[in-house]
Amino acid sequence: MQIETITTHPYNDQNPGTSGLRKKVKVFQQPGYLENFVQSIFDSLHDFTGKTLVLGGDGRYFNRPAIQIIIKMAAANGFGKLIIGQGGLLSTPAASHIIRKNNAFGGLILSASHNPGGPDEDFGIKYNVGNGGPAPEKYTNAFYQRSLTIDSYKTAHIEDIDLDRIGTQQIEGLNITIVDPVTDYAELMQSIFDFNLLKQSISSGYITLLFDAMHAITGPYAKRILIDILGATPDSVINAEPLEDFGGHHPDPNLAHAQELAERMFSPAAPVFGAASDGDGDRNMITGSNIFVTPSDSLAIMAANAHLIPAYAQGLRGVARSMPTSQAVDRVAVCYNIPCYETPTGWKFFGNLLDAGKITLCGEESFGTGSDHVREKDGLWAVLFWLNLIAIKRQSVADIVHEHWQKFGRDIYCRHDYEAVEMDIANGIVEHLRSQLPALPGQTFGEYTVKYADEFSYEDSVDGSVSSNQGIRIGFENGSRIIFRLSGTGTVGATLRIYLERFEADASKHDQDAQVALAELISLAEQFCEVKKRTGRTEPDVVT
């Protein structure tokens, strides 16, 4: 194999965010930009000669050329086997499963998750370690440090690979296997859920459903599992063909972006169950006829009912949530006397807890839930979990939610996103918030008395690593919270996320509109952070 070492120069902006490196496509198309980052990853890893690397992505623009580049670099750097999804496609949870099933050294996933795609939009790449989960911070920090000093990368002179032909081919000592991206994942789902019951419930008409794949990666997965295996009608899956630009839409599964689904679910002709997933298939939005289930409530309801699902019949070892996620699942953990861990945002923080057997179920308010079956959040898994619950409990989505609130109370919750805020303004808001923290405890604002005000820091209970500056928390004596955090998933400016939460035990008040119930907290949040005043905006870009 002819290997060439190519001289390059460092870029100073290759610091991975919450889950990998995300930039505009045109940034990745700069000479050596993708190559630098991939070589920085390989230079930071050890003892992978002859081992297996999994490779795939969400099909967005630049996915195919990027995979060809990485194949040549992986060959030049000494990997012995590549497992690649057909067409260069792999959902993020499916990639995690394939890494685990094949005992691969690791994997490269090409995705910018829920960000838009296309020539003028976003691209991303992240490295997953051998447990199938996103690289922890000690890895991503090493990647970044190497990227600042890199002066060359290696590539092999081999022909482009036919990504569409399933099978194994040997190229000068390198074993390349193209696999159906869905098969292994579908088998895993059948081992977790009661597919016979689901088939019966769908064929009898008890469950009708609508799944919006948003022209993203989950289309082929949803068609195979929901239609081919479980027998849902062909029109049960919409926007099923993965497109490089996601059909010009934003593949973020919320009520603002999944408009076609939302209109159907809040109409007189709504099916029993509706759901959507995102660009790379790791997020989920759950709806029922005329009801939207917040991700925080969804996690809590799944935890409270997990023993009804075949794979979790023995109960849960523990649960975990990201810090901004509502405390609804904490109440379930107390009821079932199991541990509940609070981590920073980012799925990598759940990995150690899952590997150590401390938790079985975990989730984030940003439409992500998962379990110990993989080391990523998993959109279709959550959809199947809910379908299995409906089939077993013989209840509607609304009835399941209200039954849960009656037992545990409702954590009324919402998130306000201010997107593409200029970095100087965003950082100024954070500094302004930090300056107030020491004086806030004990102060009273209307019915809210501040109990604590701090910047969240997390010490991993497994390896002792510490992650600081993970969001600003203001907690009140009545259990309410306001959280402020700059998101690490955008590519332009910064997204300021404001999370608002208030517990309501009174069942007669459970059907309040969240924006009304949280109005005083929303006003307090502006008083503390001044985002409207500092940006000139009158309202958030997205309310969830």
Side-chain angles (χ1 to χ4, degrees), residues 1-17 19-57 60 62-84 88 90 95 99 104-112 122-130 133-161 163 171-176 348 491:
M1 183 181 295
Q2 185 182 349
I3 296 171
E4 183 179 4
T5 300
I6 297 176
T7 301
T8 188
H9 64 85
Y11 291 90
N12 64 3
D13 62 347
Q14 295 193 331
N15 192 7
S19 194
L21 182 67
R22 295 180 187 171
K23 302 288 181 182
K24 292 296 181 185
V25 167
K26 285 180 169 55
V27 174
F28 271 101
Q29 290 175 326
Q30 295 177 95
Y33 193 90
L34 172 65
E35 292 88 341
N36 277 21
F37 189 66
V38 172
Q39 190 66 56
S40 296
I41 293 173
F42 292 161
D43 286 352
S44 304
L45 302 174
H46 304 284
D47 301 323
F48 57 78
T49 301
K51 294 185 179 175
T52 300
L53 182 73
V54 173
L55 183 57
R60 68 178 57 232
F62 195 55
N63 192 74
R64 279 179 174 261
I67 285 177
Q68 298 291 356
I69 290 169
I70 294 168
I71 289 171
K72 296 175 175 64
M73 292 186 67
N77 279 274
F79 280 97
K81 181 177 182 179
L82 300 179
I83 300 175
I84 306 171
L90 277 178
I99 292 170
F105 183 83
L108 285 171
I109 299 175
L110 307 182
S111 172
D122 298 346
F123 188 77
I125 178 172
K126 69 173 182 174
Y127 179 72
N128 279 33
V129 295
E137 286 185 328
K138 66 180 180 181
Y139 285 85
T140 55
N141 290 339
F143 303 160
Y144 177 51
Q145 292 304 316
R146 177 58 183 142
S147 77
L148 295 174
T149 60
I150 192 167
D151 57 9
S152 66
Y153 62 86
K154 296 177 184 177
T155 187
H157 286 278
I158 57 177
E159 294 294 320
D160 280 359
I161 303 302
L163 298 175
I171 299 180
E172 300 188 48
L174 177 66
N175 179 303
I176 298 178
K348 56 195 173 188
T491 60

Side chain to side chain, [X] and [Y], heavy atoms closer than 4.5 Å:
| X | Y | result |
| --- | --- | --- |
| V38 | N77 | no |
| K23 | Y33 | yes |
| P16 | F37 | yes |
| T140 | Y127 | no |
| R60 | D122 | yes |
| I71 | F79 | no |
| I41 | L108 | yes |

Output every pair passing side-chain hydrogen bond (donor to acceptor under 3.5 Å, both in side chains) with a member in residues 63-76, not counting sequence neighbours, ordered by first then second residue. R64-D164, K72-D160
Taking the inter-plane angle between the rings of F28 and F123 on a 0 to 90° scale, is it parallel (under 30°), tilted (30 to 60°) or perpendicular (over 60°)? perpendicular
Expected output: side-chain [X] to main-chain [Y] donor-acceptor under 3.5 Å:
| X | Y | result |
| --- | --- | --- |
| Q145 | A142 | no |
| Q39 | S152 | no |
| N36 | H9 | yes |

Could you measure the distance from the CD1 atom of I67 to the CZ atom of F62? Nearest 0.5 Å is fine. 10.5 Å
What's the separation between atom CZ in F42 and atom CD1 in I70, rounded to the nearest 0.5 Å? 7.0 Å
Shortest non-hydrogen contact from N128 toward P134: OD1-CA, 3.6 Å
Passes side chain to side chain donor-acceptor pair (under 3.5 Å), E137 versus N141? Steps please. CA-CA 6 Å; E137 286 185 328; N141 290 339; 5.4 Å; no
